[in-house]
Number of protein chains: 4
Amino acid sequence: MSPNQPTDDLRVRRTRKLLRDALVSLMAERGFEAITVQDLAERAMINRATFYRHYRDKADLLERCMDDVFAELEASLAPPPPVLGRPAWPLLADNLTLLFEHVAAYAPLYHLLLGERGAGAFVARARAALAAAGARRWEAMRPALADPLAPPEMTLGFIASAVLGALTWWLEAGQPTDPATAARHLLTLITVGPYRALGMPVA
Amino acid sequence: MSPNQPTDDLRVRRTRKLLRDALVSLMAERGFEAITVQDLAERAMINRATFYRHYRDKADLLERCMDDVFAELEASLAPPPPVLGRPAWPLLADNLTLLFEHVAAYAPLYHLLLGERGAGAFVARARAALAAAGARRWEAMRPALADPLAPPEMTLGFIASAVLGALTWWLEAGQPTDPATAARHLLTLITVGPYRALGMPVA
Amino acid sequence: MSPNQPTDDLRVRRTRKLLRDALVSLMAERGFEAITVQDLAERAMINRATFYRHYRDKADLLERCMDDVFAELEASLAPPPPVLGRPAWPLLADNLTLLFEHVAAYAPLYHLLLGERGAGAFVARARAALAAAGARRWEAMRPALADPLAPPEMTLGFIASAVLGALTWWLEAGQPTDPATAARHLLTLITVGPYRALGMPVA
Amino acid sequence: MSPNQPTDDLRVRRTRKLLRDALVSLMAERGFEAITVQDLAERAMINRATFYRHYRDKADLLERCMDDVFAELEASLAPPPPVLGRPAWPLLADNLTLLFEHVAAYAPLYHLLLGERGAGAFVARARAALAAAGARRWEAMRPALADPLAPPEMTLGFIASAVLGALTWWLEAGQPTDPATAARHLLTLITVGPYRALGMPVA
DNA sequence: ACGTAAGCGAGACGGTACGTCGCGTCTTACC
DNA sequence: GGTAAGACGCGACGTACCGTCTCGCTTACGT
């Protein structure tokens with residue numbers, strides 16, 4: 001198998017596109033786990049053996065789809081560290097908006113992957129990626145920060161999951177607000193905290 | 001099959017216990033997806049057909065394990081709403097401590113279910129349960145609260161996922177702090193917000 | 001198991017009778033092979049474990065039914081050898097009539113056992129019994145007989161199967177003639193031969 | 001499954017041959033009923049699942065074996081009716097010889113199928129085929145024949161079973177005579193009748 | 001433009017696991 | 001002691017997918 005080596009052979013590109021489309025359309029119908037390679041081949045109107053010429057298994061196919069999507073996201077985000085000692089707010093706000101816009105662009109896919117019948121591995125991966133990105137940015141700002149009020153790793157895990165949770169709600173609610181507004185809400189949750197965001201008095 | 005109807009037949013109770021233990025021990029070794037019914041039967045030293053006399057499939061077994069665990073958790077938590085108009089802090093703090101203690105009591109199981117190779121469905125279920133519990137408590141306090149700064153449903157999804165994220169970190173880090181301390185940190189994250197908890201200036 | 005030891009316990013006799021009736025009624029519906037012990041127990045309205053207290057398996061049950069039936073047949077037939085050197089005709093005719101009458105008495109059972117979905121082992125056993133009975137009678141008359149025109153064992157196998165064939169036809173055709181007439185026809189087939197019985201010229 | 005459609009795929013033909021050989025060899029050891037599909041697969045050195053790609057179950061396999069064998073027999077026999085009004089003797093004699101030769105060619109198979117542990121369904125099918133063949137030939141000659149001495153259908157059932165009985169004896173006795181001689185004896189039994197063939201006086 | 005190497009369809013095959021069924025044994029409790 | 005109820009070990013069933021493997025066809029590419 002020559003997995004992701006890009007080819008300009010039309011037949012190959014056609015086959016891969018058909019398979020990725022088939023994956024999304026089938027995940028919408030029955031979730032990732034319930035899909036079989038035979039299903040994918042039928043939907044893509046290719047032979048089952050041909051599938052194996054391009055992907056190791058269905059998880060491999062999913063992963064390559066995500067590779068593409070994540071690469072695109074990473075490319076669109078602003079570079080990590082701003083000037084030291086300055087609040088990272090505006091940058092974070094921008095990046096959150098970009099995140100929501102990216103997710104909106106691939107809404108069907110993300111909706112499926114994050115939802116009930118999504119792929120558990122995907123969520124774990126996305127969570128790890130978010131935590132890592134957060135860690136990188138936090139490390140860069142560290143010298144200029146006050147003492148943390150909770151273990152930073154815990155906070156990073158907290159944020160990463162929380163962002164995914166907010167995204168999940170946003171997708172499952174049918175994107176009730178535009179990406180910029182949703183990003184602003186999320187930023188509020190991160191900065192003032194969810195408790196106060198609910199209207200609770202905080203001491 | 002009469003799934004979870006409690007029986008006083010000793011053989012039945014023995015068989016079910018053996019199977020639940022086998023599930024946990026096998027999940028620790030290779031994760032949920034990689035387990036087969038034959039594996040479970042072998043580990044539990046029962047016949048494979050006997051497995052099907054008690055559970056529909058391995059997902060059913062997992063679910064019933066979780067039913068028991070969740071029921072115990074729910075029983076240990078304090079009842080939802082305190083007196084209106086008073087800060088719910090102390091209660092929330094207590095409940096978070098109880099939550100961490102409960103998770104610590106079943107640490108191996110929760111560690112597996114929340115981790116990389118855990119069962120996606122479990123996380124979704126836990127998240128929904130947390131969000132629902134949060135919603136119930138929030139509804140009760142609603143009249144006494146200020147205007148929310150973000151859509152409350154979004155906030156609830158945010159919190160539910162965030163709590164799981166914090167728990168996940170705590171378990172994967174090997175429970176570096178005792179439950180009460182971890183609960184206090186989590187409470188901080190929820191109240192002052194993760195951003196400030198990292199030491200960031202918030203303007 | 002205490003197989004065929006006759007009991008005067010009413011419950012036991014009732015159970016056995018119910019099982020034998022169930023066997024016949026189920027064989028009529030789906031043939032012997034397709035019956036399960038569970039079927040027998042349900043139809044007889046007894047517990048499955050009780051079946052095993054009386055019979056080893058369904059073949060055992062069938063065999064014991066046949067034992068009874070064959071014992072009754074054997075008792076009704078005339079004793080083997082007549083006076084030497086005299087044609088055995090009249091005796092044979094009588095015995096064939098008794099045979100048809102016996103079969104008519106148990107028509108449903110014989111019909112099933114000899115038919116398409118019958119029990120192969122039963123046919124083999126009946127054939128062997130007929131051949132043995134024929135052999136006994138032939139041995140007794142042997143000194144008084146002319147030289148055989150074909151190997152006697154072949155002839156005995158021929159007759160045994162042929163009689164079963166005639167009985168099978170008679171039962172499947174719905175007993176179109178009374179037992180005495182059918183016996184006379186069968187005697188004709190045995191004595192003048194089936195070829196001439198069809199009206200064929202024999203040289 | 002496309003059961004017996006002839007294929008030119010070598011692998012397919014090899015698999016089917018292996019299975020048919022395995023069937024015969026296993027039937028010789030324990031009879032048809034006691035064989036499992038796993039046994040067949042092991043003996044044929046194929047995977048069990050592959051069995052099901054070719055045959056519905058073991059009965060299907062047996063049936064297709066018989067199809068082949070019967071088709072060959074039918075092809076070798078002379079066409080039904082000669083000139084009307086002439087004794088059918090010579091033709092019948094020829095066909096009986098061909099029958100014995102055919103059976104001799106597949107002696108192991110026929111021996112098993114007709115014997116104690118054979119397949120009841122096979123005997124029923126063979127009996128019906130013989131009766132049908134006899135009926136066809138008799139219908140063709142009917143106008144030229146004298147009145148029958150017994151119901152012709154009874155006679156045909158009688159002959160069909162009788163021929164199988166003679167064949168069974170011949171095979172179980174280890175083919176003590178050559179096919180031509182055995183056929184001559186069988187012809188005698190059919191024409192002069194088994195009674196006289198035993199040396200009995202017939203009036 | 002066209003020959004040729006590749007991608008591809010078709011499908012047999014060895015495997016592994018599935019969920020079901022029926023067997024015969026057994027334990028427990030009832031009568 | 002016969003019976004009902006039913007758990008259990010066992011083993012076979014027929015099915016579903018897996019990933020691998022020919023075997024020809026056809027199709028897009030490279031010279």
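Computed from a predicted model, the values in this text were never measured in an experiment. The sequence lines fix the lettering, A, B, ..., with proteins before strands; numbering per chain opens at 1. Below, each value reflects all heavy atoms present in this structure, side chains not excepted, and no hydrogens, waters or symmetry copies.
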query: Atom CZ of F51(A) to atom C1' of dA10(E): distance rounded to whole Å?
result: 18 Å
query: Is the closest basic N to carboxylate O distance between D21(D) and R16(D) below 4.0 Å?
result: no
field: Gap between atoms CZ and C1', on R11(B) and dC26(E) respectively (whole Å)
entry: 7 Å
field: Side chains of F32(C) and L112(C) in contact at under 4.5 Å (non-hydrogen atoms)
entry: no
task: Respond yes when some side-chain nitrogen or oxygen of T50(B) is under 4.0 Å from OP1 or OP2 of dC8(F), and no when none is.
output: no
- request: Rounded off to whole Å, could you give me the CZ-to-P distance for the R13(C) and dT3(F) pair?
  value: 13 Å
query: Heavy atoms, side chains only, cut-off 4.5 Å: are E72(D) and Y106(D) in contact?
result: yes
query: Between D60(A) and R64(A), does at least one N-O distance fall below 4.0 Å, as a salt bridge requires?
result: yes
message: One thing to verify: whether R30(D) and D39(D) come together as a salt bridge, which I'm taking to mean a side-chain N less than 4.0 angstrom from a carboxylate O.
response: yes
- prompt: Do any side-chain nitrogens or oxygens of H54(A) fall under 4.0 Å of OP1 or OP2 in dC8(E)?
  reply: yes
query: Whole Å only: how far is the NZ atom of K17(C) from the C1' atom of dG2(F)?
result: 20 Å
field: Position toward the 5' end of DNA chain F (nearest nucleotide), V12(B) or D57(D)
entry: V12(B)
query: Between T15(B) and dC8(F), does any side-chain N or O lie under 4.0 Å from OP1 or OP2?
result: yes
- prompt: Between dG15(E), dG9(E), dT27(F), which nucleotide gets closest to the side-chain atoms of A49(D)?
  reply: dG15(E)
- prompt: Can you check the R53(A) CZ to dC21(F) P distance for me, whole Å?
  reply: 12 Å
field: Y55(A) OH to dT20(F) P, straight-line distance once rounded to whole Å
entry: 16 Å
task: On DNA chain E, check which nucleotide each of D9(D) and D9(A) is closest to and give me the residue with the more 5' one.
output: D9(A)
Contact residues, residues 25-41 of chain B to DNA chain E [heavy atom, < 4.0 Å]: T36(B), V37(B), Q38(B)
Just distance, no hydrogens or angles: give the donor-acceptor pairs under 3.5 Å from side chains in residues 41-51 of chain B, sequence neighbours left out.
residue: E42(B); atom: OE2; partner: Q38(B); partner atom: NE2; Å: 3.4
residue: R43(B); atom: NH1; partner: S25(B); partner atom: OG; Å: 2.6
residue: R43(B); atom: NH1; partner: E29(B); partner atom: OE2; Å: 3.0
residue: R43(B); atom: NH2; partner: E29(B); partner atom: OE1; Å: 3.2
residue: R43(B); atom: NH2; partner: E29(B); partner atom: OE2; Å: 3.2
residue: N47(B); atom: OD1; partner: A49(B); partner atom: N; Å: 2.9

message: I'd like to know if N47(C) reaches the base of dA5(F) with its side chain such that a donor and an acceptor end up less than 3.5 angstrom apart.
response: yes
query: Separation of I46(C) atom CD1 from dA5(F) atom C1', in whole Å?
result: 13 Å
message: Ignoring hydrogens and geometry beyond distance, is the side chain of R48(B) in donor-acceptor contact with the base of dG9(F) at under 3.5 Å?
response: no
statement: Rounded to whole Å, OH of Y52(B) lies from P of dC10(F) at a distance of 17 Å
statement: Exactly one of L62(B), L61(B), L40(B) clears side-chain contact (heavy atoms from CB on, under 4.5 Å) with I35(B), and that residue is L40(B)
